[in-house]
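The structure under discussion appears below in the form of structure tokens.
Residue numbers begin at 1 in each chain, while the letters A, B, ... track the order of the sequences.
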Number of protein chains: 2
Amino acid sequence: MRLSNTSQYAINIMVAIAEHKETKLLNAKSISDTFDIPYKYLTRIMPQLVEAKFIISTRGREGGYSLAKEASSISIINILNAVNDSLHASKCILKPGMCDANNKCALHDSWMVPNKSIKIMFNQTTLESITNL
Amino acid sequence: MRLSNTSQYAINIMVAIAEHKETKLLNAKSISDTFDIPYKYLTRIMPQLVEAKFIISTRGREGGYSLAKEASSISIINILNAVNDSLHASKCILKPGMCDANNKCALHDSWMVPNKSIKIMFNQTTLESITNL
DNA sequence: ATTAAATACTACTTTAATGTAGAATTAAAA
DNA sequence: TTTTAATTCTACATTAAAGTAGTATTTAAT
Ligand code: SF4
Ligand code: SF4
């Protein structure tokens, strides 16, 4: 019952970039050090966040990353979808794939309570709300 | 954001045994067929549930499994702990291991809301409450 | 121009979960 | 007593996530 390492990394990365307020760009090495994310693994996640239009990358010396949009416009679910190919979001915990009301598993009714809470949190929590500005 | 296959299997297995009311014991083959759990994989999970004292196994011809205690006395969290070595239960979603109030991750406060809901559900939901009697 | 410091790309390796196979054990039925 | 149908044990194979390595590309500083 946990997020994948990649998802955890992605959230931390986005928080780091959102909180970075110096003139120098924040680079991969710094993020890697701050959160103990394997550098080489991190540099494979970064292009996905660039591709998702959350951050802008500047290549070459003095390069690094900066936010591409308002922190308030990026929610946790957006970040998870960007690195997960949005597949886990739709999958439920007990059966693979979607289940309809006629074919639900034993835990369905019980699960819908925390499930709703999780969805609300992932959808309503933005990068702005979890950063220290 | 999902339970492991093994955890899902274990819950379904326990439900099947709890709901089984015939005189003949429920055997591994039947459970495997009902839930599409790979037979050989299932037969490695079963001894763990026996070990946890949730079910009693009867070996040999006409053998199978039956509940070892009241369905109302087995909660979901008990089942998860039995197959997970109780490790995932204590791990949180963003950082490995426990975190204290002084060293919490960005999502901590947001996560505590659904987290509480999940814990309550896993703790309070018993086998009895999710079986059709 | 050259160098240095950064991101991006591609391929490979490792690890843990999941799945598979076969043989041993048990006990009722034939 | 033999056969059959069940659980249990141990070892191996597959898969997907995670991690590692090397090289190419880019661009500012020197
Ligand atoms: S039946 Fe409901 S709880 Fe169970 S897997 Fe499907 S959607 Fe999830
Ligand atoms: S700080 Fe809180 S939310 Fe984050 S990993 Fe630790 S316990 Fe979980």
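- Side-chain contact between B:L26 and B:S66: absent, with no pair of heavy atoms (C-beta onward) separated by less than 4.5 Å.
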Are any protein N/O atoms closer than 3.5 Å to N/O atoms in nucleotides 13-15 of chain D? If there are, list each pair with its distance.
none

Nucleotides 11-13 of chain C: which of its N/O atoms have a protein N/O under 3.5 Å away?
unit_1: C:dA11; atom_1: N6; unit_2: A:R44; atom_2: NH1; d: 3.3

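- Shown here are the side chain to side chain donor-acceptor pair (under 3.5 Å) partners of A:Y39, two or more places apart in sequence or in another chain: there are none.
- For the pair B:L49 CG and D:dT7 C1', the computed distance is 14 Å after rounding to whole Å.
- Pairing each heavy atom of A:V15 with each of B:A106, the nearest pair is CG2-CB, 3.7 Å.
- When the P atom of D:dA18 is taken as reference, atom CD1 of A:I37 falls 12 Å away, rounded to whole Å.
- For the pair B:I56 CD1 and D:dA6 C1', the computed distance is 17 Å after rounding to whole Å.
- Remark: P of D:dT10 and OH of B:Y41 are 17 Å apart, rounded to the nearest angstrom.
- Between the NZ atom of A:K119 and the CE atom of A:M121 there is a distance of 13.5 Å, given to the nearest 0.5 Å.
- One can place CD of B:Q48 at 13 Å from C1' of C:dA17, the figure rounded to the nearest angstrom.
- Atom CE of A:M46 and atom CD of A:Q48 lie 10.0 Å apart (nearest 0.5 Å).
- Of all the heavy atoms in B:S73 and B:N78, the pair that sits closest is O-OD1, 3.9 Å.
- Nearest-nucleotide positions on DNA chain D place B:V50 closer to the 5' end than the other of A:K40 and B:V50.
- Toward the 5′ end of DNA chain D lies the nearest nucleotide of B:T43, the other residue of the pair B:T43 and A:T43 mapping further downstream.
- In this structure, B:M46 atom CE and D:dC9 atom P are separated by 13 Å, rounded to whole Å.
- With a 6.0 Å radius and a threshold of 12 heavy atoms from other residues, nucleotides or ligands, A:K69 has its NZ atom above the threshold.
- B:S57 comes within 4.0 angstrom of sugar-phosphate atoms only, judged by non-hydrogen atoms across all strands, and of no base.
- A close approach under 4.0 Å does occur between a side-chain nitrogen or oxygen of B:Y9 and OP1 or OP2 of C:dG19.
- The side-chain hydrogen bond (donor to acceptor under 3.5 Å, both in side chains) contacts involving residues 122-133 of chain B comprise nothing, where partners must be two or more places apart or lie in separate chains.
- Of the listed residues (A:I31, A:L3, A:D36, A:I37), just one forms a side-chain contact (heavy atoms from CB on, under 4.5 Å) with A:Y9, and that residue is A:I37.
- In the hydrophobic clustering of this structure, B:L42 groups with B:V50; members are Ile, Leu, Val, Met, Phe, Trp, Tyr whose side-chain heavy atoms approach within less than 4.5 Å, directly or through other members.
- Listed pair A:T6 / D:dA17 fails the phosphate criterion, with no side-chain N or O lying under 4.0 Å from OP1 or OP2.
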Exercise for the section: Let me see the working for B:N27 and B:S30 under side chain to side chain donor-acceptor pair (under 3.5 Å), right down to the final yes or no. Expected result: CA-CA 6 Å; B:N27 63 38; B:S30 303; 3.0 Å; yes
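- We find that CD1 of B:I45 is positioned 14 Å from C1' of D:dT8, with the value rounded to whole Å.
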Practice task
Could you go through the side chain to side chain donor-acceptor pair (under 3.5 Å) check for A:Y41 and A:T6 one step at a time?
Solution key: CA-CA 9 Å; A:Y41 195 66; A:T6 305; 2.7 Å; yes
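- The heavy-atom pair separating A:E62 from A:L25 by the smallest distance is O-CD1, 3.9 Å.
- For DNA chain D, the residues of residues 14-30 of chain B within the heavy-atom distance limit of 4.0 Å (strictly under) are B:N27, B:A28, sorted by number.
- In this structure, CD1 in B:I11 is found 10.0 Å from OG in A:S110, a value given to the nearest 0.5 Å.
- The phosphate of D:dT7 has OP1 or OP2 within less than 4.0 Å of a side-chain N or O from B:Y39.
- In this structure, A:I55 atom CD1 and C:dT7 atom P are separated by 10 Å, rounded to whole Å.
- Annotation: proximity of residues 58-65 of chain B to DNA chain C (heavy atom, distance under 4.0 Å) is found for B:R59, B:G60, B:R61, B:E62, numbered in ascending order.
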